[in-house]
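Letters go in sequence order (proteins before strands), and every chain restarts at 1. Just so you know, these numbers use all the heavy atoms, side chains as well, and skip hydrogens, waters and symmetry mates.
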Protein chains: 2
Amino acid sequence: MKSNSQLSLALHLLLHMADMEEPVTSGLLASAMNTNPVVIRRLMGGLREHGIVQSRKGHHGGWTLSRPLAELTLRDVYLALGGGPLLSLTHRTQNPDCLIEQAVNETLDGAFRDAEALLLARFADLSLAALQSRIHAAIHSPAHLCA
Amino acid sequence: MKSNSQLSLALHLLLHMADMEEPVTSGLLASAMNTNPVVIRRLMGGLREHGIVQSRKGHHGGWTLSRPLAELTLRDVYLALGGGPLLSLTHRTQNPDCLIEQAVNETLDGAFRDAEALLLARFADLSLAALQSRIHAAIHSPAHLCA
DNA sequence: ATTTCATGTAACTTTTATAGTTACATGAAA
DNA sequence: TTTCATGTAACTATAAAAGTTACATGAAAT
Ligand code: FES
Ligand code: FES
């Protein structure tokens with residue numbers, strides 16, 4: 001399948017928004033990310049339902065963070081995006097009666113679970129504030145947004 | 001994209017072959033796996049190039065293991081299949097100049113590398129012989145092959 | 001009020017990775 | 001020389017993700 005880059009996109013968006021005073025429109029964010037406003041709105045919609053961002057319609061509307069980055073971890077963002085699959089390997093379930101298939105898949109699942117758990121634990125240890133400070137050390141105009 | 005189940009399939013095939021005396025045809029394997037012979041031949045072709053299986057054409061031809069399962073780990077099989085991506089998450093590389101994108105992606109990559117390393121290490125610890133003995137404990141007719 | 005602008009969303013198209021299919025050439029055993 | 005199986009190219013199908021179009025809804029500004 002086509003590989004999933006929503007987490008990368010979401011983080012990029014949130015970090016940009018953190019440096020903005022005013023609400024930012026999906027149009028502006030989209031052109032900075034070289035994508036389409038609807039893609040942004042869809043993704044942000046998910047984050048809004050988890051209390052991460054807020055939106056306002058109409059004039060001077062747009063998107064703002066609804067809690068400080070220090071209270072947000074990569075894990076929160078990943079889960080708010082729906083917590084989709086982390087691994088690209090699946091197992092075949094063509095004939096569930098086959099004992100070999102069962103044994104193979106149980107074994108693989110064990111390894112998969114461990115890798116996923118490790119990744120989630122890593123995500124939980126990374127706050128967006130940490131990312132942000134790393135970025136601010138490198139950038140000197142915080143509110144920059146490629147339009 | 002459609003998710004990748006080659007490793008699961010390959011393991012299933014190898015374990016079946018281990019219990020067979022005679023070479024097995026791609027046609028037979030395919031019907032046991034509910035798939036197409038060409039899918040089997042393609043996959044096995046990769047394994048042959050890495051010395052895992054052998055093929056013979058013509059009458060009574062087919063596929064046989066070319067080394068004992070005890071010398072094969074899941075890692076070997078995974079690598080012989082091409083060592084494709086393990087994780088379904090990627091990062092977006094729309095504007096490589098953007099420092100935020102860079103920081104986000106470096107951070108993600110760190111976590112991804114660790115998870116992949118863990119998974120590979122797990123794979124390296126699992127020999128096919130171990131899988132096989134687990135299966136033989138459950139099955140009493142080793143050479144069974146759903147056709 | 002009415003104009004303006006931005007979100008909210010449904011429906012559709014495009015892209016890309018994987019799997020499955022058809023067709024046939026090649027080669028080895030019987 | 002017939003039979004059977006691999007080897008491979010070319011094509012189709014399926015599925016997941018991303019991008020696009022179109023328009024309804026709602027809020028600010030004048
Ligand atoms: S778009 Fe991220 S810094 Fe320019
Ligand atoms: S196909 Fe695996 S045991 Fe029947």
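One atom, CG of Leu29(B), and another, P of dC4(D), lie 18 Å apart when rounded to the nearest Å. The interatomic distance linking Leu43(B) (CG) with dT8(D) (C1') rounds to 15 Å, in whole Å. Trp63(B) has its CH2 atom 7 Å from the C1' atom of dT6(D), to the nearest Å. Leu81(B) places its CG atom 14 Å from the C1' atom of dA19(C), with the value rounded to the nearest Å. If you measure from atom CZ of Arg48(A) to atom C1' of dT7(C), you get 8 Å, rounded to the nearest angstrom. The NE2 atom of His91(A) sits 14 Å away from the P atom of dA19(C) (whole-angstrom rounding). Rounded to whole Å, the distance from CD on Glu49(A) to C1' on dG8(C) is 11 Å. Spacing between atom CE of Met44(B) and atom C1' of dG20(C) amounts to 18 Å, rounded to whole angstrom units.
In this structure, Thr25(B) contributes its side chain and Gly62(B) its backbone to no donor-acceptor pair below 3.5 Å.
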Exercise. For nucleotides 23-30 of chain D, just jot down a letter per nucleotide in 5' to 3' order: B, S or -, based on protein non-hydrogen atoms under 4.0 Å.
Key: --BBBBS-
Quiz item: Tell me, for nucleotides 14-20 of chain D in 5' to 3' order, what letter each nucleotide earns: B for a base near a protein heavy atom under 4.0 Å, S for only sugar-phosphate near one, - for neither?
Solution: BBBBSBB
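Among all heavy-atom pairs drawn from Ala103(A) and Ile135(B), the shortest one is CB-CG1, 3.4 Å. Here the closest heavy-atom approach between residue Ala18(A) and residue Leu69(A) is recorded as CB-CD1, 3.4 Å. Of all heavy-atom pairs spanning Ser88(B) and Ser3(A), the tightest one is O-CB, 3.6 Å.
Checking dG27(C) for Watson-Crick or G-U wobble geometry (two distances, each under 3.5 Å) identifies dC4(D) as its partner. Pairing of dT12(D), defined by two Watson-Crick or G-U wobble distances under 3.5 Å, is identified with dA19(C). With both pairing distances under 3.5 Å, dT30(D) is matched to dA1(C) as a Watson-Crick or G-U wobble pair.
You'll find the side chain of Leu120(A) reaches within 4.5 Å of the side chain of Tyr78(A), heavy atoms only. Contact check for Asp76(B) versus Phe123(B): no side-chain heavy atoms found under the 4.5 Å cut-off. Side-chain contact between Asp125(B) and Thr73(B): absent, with no pair of heavy atoms (C-beta onward) separated by less than 4.5 Å.
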Practice problem: Walk me through it: do Leu126(A) and Thr107(B) pass the test side chain to side chain contact (heavy atoms under 4.5 Å, CB included)? | Solution: CA-CA 9 Å; Leu126(A) 292 164; Thr107(B) 299; 3.6 Å; yes
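Remark: of the listed residues His16(B), Arg134(B), Gln132(B), His16(B) is the sole one forming a side chain to side chain contact (heavy atoms under 4.5 Å, CB included) with Ile100(A).
Close to dG7(D), at under 4.0 Å from its OP1 or OP2, lies a side-chain N or O of Ser55(B). The phosphate of dA6(C) (OP1 or OP2) has no side-chain N or O of Thr25(A) nearer than 4.0 angstrom.
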